[in-house]
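Everything on this sheet refers to the single structure shown next.
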Amino acid sequence: MRVGLYPGTFDPVTHGHLDIIARAASLVDRLVIGVAINRDKGPLFTLDERVAMLEAECAAIAGARGIEIRVHPFENLLIDCARDVGASVILRGLRAIADFEYEYQMVGMNRALDPAIETVFLMAEARHQAIASKLVKEIARLGGDVSKFVPPAVHGALRARFGRA
Ligand code: ADP
């Protein structure tokens with residue numbers, strides 16, 4: 001039974017994340033989405049809101065792929081979270097060169113902490129590659145249309161948050 005952990009902030013979940021989740025789901029028997037509490041980043045959505053949005057979106061992917069997808073909040077070290085959930089693989093999405101530097105360092109550090117846990121990088125389909133939660137929030141805050149970047153429920157949550165419901 002291969003368990004994979006896909007960690008992130010998911011503030012909020014986008015089509016970029018969901019693209020990676022669907023790809024990850026075909027590589028493992030059980031997928032755990034690790035939602036970092038990340039108080040430092042000052043998230044727009046609370047942990048409970050981010051978890052609920054992910055759970056709703058992941059249910060369809062889990063059903064379609066016939067695998068279990070669990071959403072798991074965590075505040076500890078990523079490698080400890082991986083051990084807690086029994087993951088042997090950490091999955092990460094890779095966008096542009098800008099992601100590489102940070103991910104390169106993370107792999108090095110995590111490998112030193114636990115050489116048994118492998119990190120695997122996935123790339124989203126071209127039309128999803130440029131999507132970033134940070135930019136989605138910025139566009140939504142300024143009244144732009146983010147419906148191409150996030151699922152309808154998340155779009156609704158963003159509109160409500162910025163008073164455009
Ligand atoms: P972080 O706070 O670590 O950036 P995010 O929630 O932004 O976490 O993203 C979680 C993971 O999803 C990261 O590996 C990130 O690179 C990946 N990701 C986010 N958006 C995309 C996208 N559009 N295409 C591919 N990977 C993505």
Side-chain angles (χ1 to χ4, degrees), residues 3-28 30-58 61-62 65 69-82 85 87-111 113-114 117-141 144-155 157-158 161:
V3 181
L5 172 65
Y6 175 43
T9 311
F10 305 103
D11 184 41
V13 60
T14 68
H15 283 315
H17 295 126
L18 293 170
D19 185 307
I20 299 297
I21 290 170
R23 284 166 209 283
S26 61
L27 299 176
V28 295
R30 183 196 293 157
L31 183 62
V32 180
I33 316 289
V35 188
I37 293 174
N38 250 341
R39 290 197 186 89
D40 294 353
K41 273 196 178 176
L44 175 66
F45 292 102
T46 66
L47 180 66
D48 287 350
E49 288 168 332
R50 284 179 278 144
V51 166
M53 285 189 265
L54 269 164
E55 278 174 343
E57 301 303 330
C58 288
I61 300 174
R65 310 263 159 170
I69 302 183
R70 196 156 61 83
V71 182
H72 175 87
F74 75 102
E75 198 168 19
N76 53 346
L77 209 54
L78 175 60
I79 218 78
D80 288 334
C81 172
V85 301
S88 56
V89 183
I90 293 171
L91 298 133
R92 295 284 288 172
L94 206 53
R95 283 166 292 195
I97 303 166
D99 274 349
F100 183 81
E101 183 87 34
Y102 175 72
E103 297 294 340
Y104 173 79
Q105 285 194 309
M106 285 280 285
V107 169
M109 305 290 266
N110 285 333
R111 193 170 279 169
L113 293 172
D114 191 336
I117 298 179
E118 201 58 73
T119 304
V120 171
F121 293 96
L122 298 167
M123 281 196 192
E125 186 183 316
R127 71 192 163 104
H128 293 151
Q129 268 176 26
I131 306 172
S133 294
K134 194 176 164 205
L135 296 175
V136 166
K137 284 182 284 190
E138 189 65 7
I139 295 167
R141 189 176 67 79
D145 179 8
V146 294
S147 59
K148 282 200 182 96
F149 312 132
V150 295
V154 175
H155 187 207
L158 282 164
R161 188 54 51 98

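Sequence positions, counted from 1, serve as the residue numbers for this chain. Note that ligands are numbered from 1 as they come in the structure, with each ligand's atoms numbered from 1 the same way.
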request  = Among Asn38, Val35, Ile37, find the one that has a side-chain contact (heavy atoms from CB on, under 4.5 Å) with Thr9.
outcome  = Asn38
inquiry  = Applying the side-chain contact (heavy atoms from CB on, under 4.5 Å) criterion to Ile90, which one of Val120, Ile79, Val107, Asp114 satisfies it?
reply    = Ile79
ask   = Is the closest side-chain donor-acceptor distance between Asp48 and Thr46 under 3.5 Å?
value = no
task = Decide salt bridge (Lys or Arg N to Asp or Glu O under 4.0 Å) for Glu118 and Arg111; before the verdict, give the C-alpha distance in whole Å, the side-chain angles of both, and the deciding distance to 0.1 Å.
result = CA-CA 8 Å; Glu118 201 58 73; Arg111 193 170 279 169; 3.1 Å; yes
key: Set of side chain to side chain contact (heavy atoms under 4.5 Å, CB included) partners for Ala132, sequence neighbours left out   = Arg95, Leu135
request  = Anything with a heavy atom under 4.0 Å from ligand 1 counts, so go ahead and list those protein residues by chain and number.
outcome  = Tyr6, Pro7, Gly8, Thr9, Phe10, Gly16, His17, Ile20, Lys41, Arg92, Gly93, Leu94, Arg95, Asp99, Ala124, His128, Gln129, Ile131
query = Just wondering, do Met106 and Thr119 contact through their side chains at under 4.5 Å, heavy atoms?
reply = no
